[in-house]
Amino acid sequence: MNSLPFTFRTKIYFIKTLQNCNDLVFATLTHAKILKSGFLNDTFTTNYLINCYIRLQKTAPAFQLFDEMPEPNVVSYSSLMSGYINVGKPQICLWLFREMQKGTVLPNEFTFATAIKACSILANLKGGKQIHGHVEIFGYQFNLVVCSSLVDMYGKCNEVDLARRVFDSMEGKNVVSWTSMITAYAQSGRGHEALEVFREFNWLVREHANQFILASVINACASLGKLISGKVAHGAVIRCGHHLDDVVASALVDMYAKCGCIVYSDRVFRRVSNPCVIPYTSMIVAAGKHGLGKLSIELFEEMIDRGIRPNNVTFLAVLHACSHSGLVDESLEYLNSMSRKHGMEPDAKHYTCVVDMLGRTGHLDEAYQLAKSIKVNNDEGAVLWGTLLSASRLHGRVEIAVEASKRVIESNQQVASAYVTLSNTYVLAGEWENAHSLRTKMKQNGVCKEPGCSWVEIKDSTYVFYAGDVSFERGSEVLSMLRELERKMKERGYKGRTTGLVFVDVEEEAMEEIVGLHSEKLALAFGLISIPNGVTIRIMKNLRMCRDCHEAFKWISEITERDIVVRDVNRFHHFDKGLCTCRDFW
DNA sequence: ATAGGGTTAG
């Protein structure tokens, strides 16, 4: 007779205990008590226990509990699914979702939101679309959270227009939905639309912008090289009281650097009271991009002194900075220190960065030896050997170019570009017959290369320049301006590879490549003709911001006494997702 | 009653 209230009180006690429990020993103890009292058969109590383990990131006991539950419900499934997302295992989350569909428990809005998030993390468009279908079947297509997660998922899969379609279909929107949409645009290289949506947000929503939305807006300004918009966003950050936020500060540091104002980057960075690894890395990248390798190194050492652990991105940033400032010995030292001092194994990207530096500075044999010593998969191998291939072309080292191109072709990636670069190597070395037979082989295999391109934004218009194509608007004016600039640069002692070479006595094939490498200078020349100030030059990934280019820009800026904002589009989104094409690969 | 969505550096 008395057992029922007693049982009830025990259950309440267990639940209260588990709700506030943040200690594994205590959780295990409570688990044992629940087991003893037979409450593991109770779905509610066990769900609390599962959630407690998930809060402590212990998925193994959570899964075991779930597995042994007589009647898991939708909460049991959803909890465990989000638990696996929290420990970085979205695959298992989706597996659970599929298992759930085999049984009788029906998914609800929580389950869908979680499953969609897993697809977002994995950039799994196919899975995401499937779940979107189920969302409509089950009638959750009007749920705010489900829709926001769909917007985010489509954004992360680079399907921004689908994201927009979901966004437009939403009746009520909150800050999170707006953030998802803005982020989707910002991360897909559609910064203008990101800013447009942000304007709409300010117009339609009374709510203040929070740190999430501001970080994304700043990111959009950065990718557009829009300094003024960036400063406006910075103003909003200060007004809304988010200037102490680590994430926002990192975005600002990055934005100012990409807009050419490293002084502001430094100022923002120095105001962060306890910067974690990310603001430090942003600042190291910023310094590196501006050719301040020594500053990058100082920042890195300062970070170590303050006990902040660098991660693989930080090391990549330092190596990149050394590479771009010609600090060869330092770069090798940092590469070695990764495993020796910091207990981290360098990955393919770190090695590729160093191989690139050795190659560009003419240490071809060392670069080759290092490249050979690295274990890589196909994708990594294509990048690594492609880097060496370009370097050997630059320095006319045919034997290494042949070996490198062989490896690129073996890795079965972007064969076209490998062919073209090798062909150009032959041309530059004067081995016309080899070049010719290679070109023939390419034609036989139906391989052709997409032309490289660069572009310049002037006010609201974008001017695009394709490699080898001088037929654009005011082309002859641009060319004569270019020659004029080159003459002035030479007069003042500029010794980089010159653009004029491009137009004389070079075989057609080789010209395509060389014009490709220098088309940003065409863009620059064009910009100087058209507008006096604030020209934004965007350089695609394949048109590396090598030391030469950087020097050239400095010279041009000096000669013309004009501010030139140089923007290196390093994070080309397709590249991040491994969907690169010829154009952005090299 | 327990479970869900958005931000930063390469």
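A quick note: this is a predicted structure, and the numbers were derived from the prediction, not measured. So that the names make sense, note that chain A is the first sequence line, chain B the second, and so on, each numbered from 1.
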Which part of the nucleic acid does [X] contact within heavy-atom distance under 4.0 Å: base, sugar-phosphate only, or nothing?
X        : answer
A/Ser79  : sugar-phosphate
A/Ile116 : nothing
A/Ile50  : nothing
A/Val75  : base
A/Val175 : base
A/Ser78  : base

Distance below 4.0 Å between A/Gln187 side-chain N/O and B/dG6 OP1 or OP2 =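 Indeed not, no polar side-chain atom of A/Gln187 lies that close.
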Original post:
So, is A/Asn219 close to the B/dA9 phosphate, meaning a side-chain N or O under 4.0 Å from OP1 or OP2?
Top reply: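 Answer is yes, contact under 4.0 Å.
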Residue [X], side-chain atoms from C-beta onward, closest of [options]:
X        : options              : value
A/Gln19  : B/dA9, B/dT2, B/dG4  : B/dT2
A/Ser177 : B/dG5, B/dT7, B/dA3  : B/dG5
A/Lys117 : B/dG6, B/dT7, B/dA9  : B/dG6
A/Asn108 : B/dA3, B/dG6, B/dA9  : B/dA3
A/Phe212 : B/dG4, B/dT7, B/dT8  : B/dT7
A/Gln211 : B/dA9, B/dT7, B/dG10 : B/dT7
A/Asn51  : B/dG10, B/dT2, B/dT7 : B/dT2
A/Ser82  : B/dA3, B/dG10, B/dT8 : B/dA3
A/Val176 : B/dA1, B/dG5, B/dA9  : B/dG5
A/Lys156 : B/dG6, B/dG10, B/dG4 : B/dG6

Tell me the interatomic distance from [X], atom [atom1], to [N], atom [atom2], rounded to whole angstroms.
X        : N      : atom1 : atom2 : value
A/Leu335 : B/dG10 : CG    : P     : 20 Å
A/Lys258 : B/dT8  : NZ    : P     : 10 Å
A/Trp178 : B/dG5  : CH2   : P     : 22 Å
A/Gln141 : B/dG5  : CD    : P     : 20 Å
A/Asn86  : B/dA3  : CG    : P     : 12 Å
A/Leu49  : B/dA3  : CG    : P     : 14 Å
A/Ile308 : B/dT8  : CD1   : C1'   : 15 Å
A/Asp152 : B/dG4  : CG    : P     : 16 Å

Please evaluate residues A/Met338 and A/Glu345 with respect to the criterion side chain to side chain contact (heavy atoms under 4.5 Å, CB included), reporting the C-alpha separation (whole Å), side-chain torsions for both, the decisive distance (0.1 Å), and the verdict. CA-CA 6 Å; A/Met338 282 182 73; A/Glu345 272 316 301; over 6 Å; no
Determine whether a donor-acceptor pair (one donor, one acceptor, N or O, separation below 3.5 Å) exists between the side chain of A/Asn47 and the base of B/dA1. no
Taking atom types as they are modelled, is there a donor-acceptor pair under 3.5 Å from the base of B/dG5 to the side chain of A/Ser148? yes
Side chain to side chain, A/Trp95 and A/Tyr84, heavy atoms closer than 4.5 Å |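 No, every pair of side-chain atoms sits at 4.5 Å or beyond.
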Distance col, row A/Thr30:OG1 vs A/Leu35:CG, nearest 0.5 angstrom, shows 12.0 Å
Item to check | pi-stack flag for A/Phe44 and B/dA1, centroid dist under 5.5 Å, interplanar under 30° | outcome: yes
Taking the ring of [Y] and the ring of [X], is the distance between their centroids below 6.0 Å?
X        : Y        : answer
A/Tyr334 : A/Phe300 : yes
A/Tyr140 : A/His134 : no
A/Tyr53  : A/His31  : yes
A/Trp178 : A/Phe167 : yes

